[in-house]
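Counting starts at 1 for both ligands and their atoms, following the listed order.
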Amino acid sequence: MGYLDLGIRALHEAYLRGETTPREVAEEAIRRAKESKDNALEATCYEEALSFASSLEECEKDNLLWGVPYFAKDNFSTEGVETTASSNILKGYVPVFDAEVVRRLKEKKAVLLGKTTLDELAMGGTGTSGHLGKTYNPWDESHRRMVGGSSCGSAALVAAGAVPFALGSDTGDSVRKPAGYAGLVGIKPTWGRISRFGLFPFAPSLDAVGYFTRSVDDAAILLETLAGRDEKDATSSEKSVDSYANFKDISLEGMKVAVLDDLMDTIRERKIARDIERLLSCLEKRGVEVRRVRFGEEMLRSIYITYFVISCAEATSNDANLDGIKFGPYPGGNTYEEVMAKARTQGFGELIKRRFVIGSYSLMRENQEELFLRAQRNRKKIVGRTNEILEECDFILTPAAPGPAPFFDEQSDRLSDAYLIADNHLALGNFAGLPSITLPLSFEEGLPLGANLTGRPFDEKRLFALSSLLEEETGLRNLSVRERKEGSL
Ligand code: GLN
């Protein structure tokens, strides 16, 4: 056990007592990150981090993030630190400014150690498509399983116990899915709750800053700093920032939790479904009302394709600035078209190209009605149904995925309900801009399983309150693979 295994509050108390220093903790975090063999890092700034940590002398009493080391996904701008979004098209790009979340963390004197791997440009869910290849799941030492994506490196390093938290981004499930596969808490707050200034856009109507922690308490502490209006992002909300970390004040008596029976039907026979049921009975004993609802199977089945059309269309238009001129290696050529064609042919991986083709195809005038606009209309229907459920109930509880982290070469039938519904439903939270959090649920043969809770817009404080109750019931808090090695799991 070390200070990094304790959680943010306990680390802060150790700083206050003068037992350790940010420099010592950063050194230990760097040692652990170097020990991790999961291919989770794009770039590091260890020297700058150590000199910044050394400059922190007197612990600030009310600043829980003082001296806390962390990593950021490599699609956040970081001044002076190479940022590629795991794409060759951005090779060598060094931003001249910090993303707002990075700026806020710096102001709080949290210590940035480096940038983590992702699926190229955050498009993907496997952690295999970045330019550095696969990122591995730390819970599987044989390196045969994915940690999931797209925020793969951040998930891997928090699960490895290197840092108490790491930043990610979530457009469809990119924080909440890997959190489930890695035994972590992963949250995507309400759309607009956290400024996205300096986060590379993927699909702005769906994108949210998210992050990984090892406890609900740490997630709530962080949101107090990360949330809030930022003039540099016109889509950031003006709503005041709650005292999220005081979620213990909230009574859960009489709260209603919806379970989507048609989703559960697709995975009935699996351990994860039984563990969700067990959790539901615990909640009932604690005074929470559980309501079984059917979302509408056909609508659930349409989430994935709707997400795909909308996100690819937005991505292709957002990423038009990656043309080989403004950022990354300049490939040469006589005309703009030639430069752009060369840069994009060399710079993008196959999966990205495929998504841009689909995106552009859906946006073509002759296809728009049948693809893009149809997807938009369907999104509206899905959001309408979600909101209906959330009018009756305070939260929706689901598994984060149909099972534990898959093998890299595992084939799933992409037209099955288990895939279309149980593997892709988390995009509901992005369609409707809702706060949504994944928590560790249980273990299956040494691999973590995750549960997910989604709530009403800007209801993060109550979401934390219920999450903390679930955390108490499962007893799964501050998990990392180090504990397993030390024999306490
Ligand atoms: N897995 C989804 C995709 O492939 C989600 C990506 C994300 O949330 N960034 O697009």
Side-chain angles (χ1 to χ4, degrees), residues 72-76 85-87 99 116-130 134-135 146-155 166-182 184 186-189 191 194 196 199-212 302-319 348-359 362 375 379 400-402 405-406 408 410 412 414 419-438 450 452 454:
K73 186 175 179 178
D74 202 32
N75 57 352
F76 287 95
S86 289
S87 181
T116 60
T117 51
L118 56 150
D119 280 296
E120 185 171 2
L121 298 168
M123 293 179 212
T126 55
T128 59
S129 70
K134 294 173 183 161
T135 297
M146 60 180 69
V147 66
S150 62
S151 313
C152 47
S154 288
L167 296 176
S169 63
D170 189 308
T171 304
D173 54 19
S174 275
V175 166
R176 293 164 294 150
K177 194 85 170 289
Y181 291 155
L184 301 174
I187 180 168
K188 170 207 104 61
W191 190 87
I194 299 181
R196 299 177 296 178
L199 166 67
F200 296 179
F202 164 6
S205 78
L206 304 162
D207 291 344
V209 171
Y211 49 90
F212 300 90
S302 71
I303 292 174
Y304 180 56
I305 185 63
T306 304
Y307 166 79
F308 213 74
V309 170
I310 293 174
S311 65
C312 291
E314 289 190 37
T316 191
S317 111
N318 272 292
D319 286 331
F348 292 137
E350 285 311 307
L351 292 175
I352 296 295
K353 288 177 186 155
R354 200 185 303 171
R355 289 200 185 206
F356 287 163
V357 169
I358 294 170
S362 334
R379 173 179 180 176
F408 285 112
E410 200 164 309
S412 54
R414 296 196 153 223
Y419 181 78
L420 286 178
I421 298 181
D423 235 329
N424 284 291
H425 64 281
L426 293 181
L428 277 180
N430 306 76
F431 283 173
L434 305 171
S436 180
I437 189 168
T438 290
N452 181 271
T454 297

Query raised in the report: Does Arg196 use its side chain to pair, donor to acceptor, with the backbone of Pro204 at less than 3.5 Å?
Result: yes
Query raised in the report: Is there any N or O on Met123 that sits under 3.5 Å from an N or O of ligand 1?
Result: no
Query - Separation of Asn430 CG from Arg176 CZ (nearest 0.5 Å) - result: 5.0 Å
Query raised in the report: Taking only heavy atoms of Gly172, which atoms of ligand 1 are found under 4.0 Å from at least one of them?
Result: 5 (C), 7 (C), 8 (O)
Query - For atom 7 (C) of ligand 1, closest protein heavy-atom neighbour - result: Ser174 OG, 2.4 Å
Query - Criterion side chain to side chain contact (heavy atoms under 4.5 Å, CB included) against Ser150, the qualifying member of Ser174, Ser129, Ser86 - result: Ser174
Query raised in the report: Does ligand 1 have a heavy atom under 4.0 Å from the side chain of Arg176, from its backbone, from both, or from neither?
Result: neither
Query - Full working for side chain to side chain contact (heavy atoms under 4.5 Å, CB included) between Leu118 and Phe200 - result: CA-CA 12 Å; Leu118 56 150; Phe200 296 179; over 6 Å; no
Report task. Provide the number and element of each atom of ligand 1 under 4.0 Å from a heavy atom of Gly125. Result -> 1 (N), 4 (O)
Query raised in the report: Where on Asp173 is there a heavy atom closer than 4.0 Å to ligand 1, on the side chain, on the backbone, on both, or on neither?
Result: both
Query raised in the report: Under 3.5 Å, N or O to N or O, is Gly149 touching ligand 1 that way?
Result: no
Report summary line: Among non-hydrogen protein atoms, atom 4 (O) of ligand 1 lies closest to Arg355 NH2, 2.7 Å
Requested in this report: Tell me yes or no: between the side chains of Asp207 and Ser169, is some donor less than 3.5 Å from an acceptor?
Outcome: no
**Report entry** Part of Tyr307 within contact of ligand 1 (heavy atoms, under 4.0 Å)
**Finding:** side chain
**Report entry** N-O pairing of Asp423 and Lys177 below 4.0 Å
**Finding:** yes
Query - Residue pair Asp319 / Met123, side-chain heavy-atom distance below 4.5 Å - result: yes
Query raised in the report: Any nitrogen or oxygen of Phe202, main chain or side chain, under 3.5 Å from a nitrogen or oxygen of ligand 1?
Result: no
Query raised in the report: Taking it one step at a time, do Phe76 and Val209 satisfy side chain to side chain contact (heavy atoms under 4.5 Å, CB included)?
Result: CA-CA 9 Å; Phe76 287 95; Val209 171; 3.9 Å; yes
Query raised in the report: With a cut-off of 4.0 Å, which atoms of ligand 1 are near a heavy atom of Ser150?
Result: 9 (N)
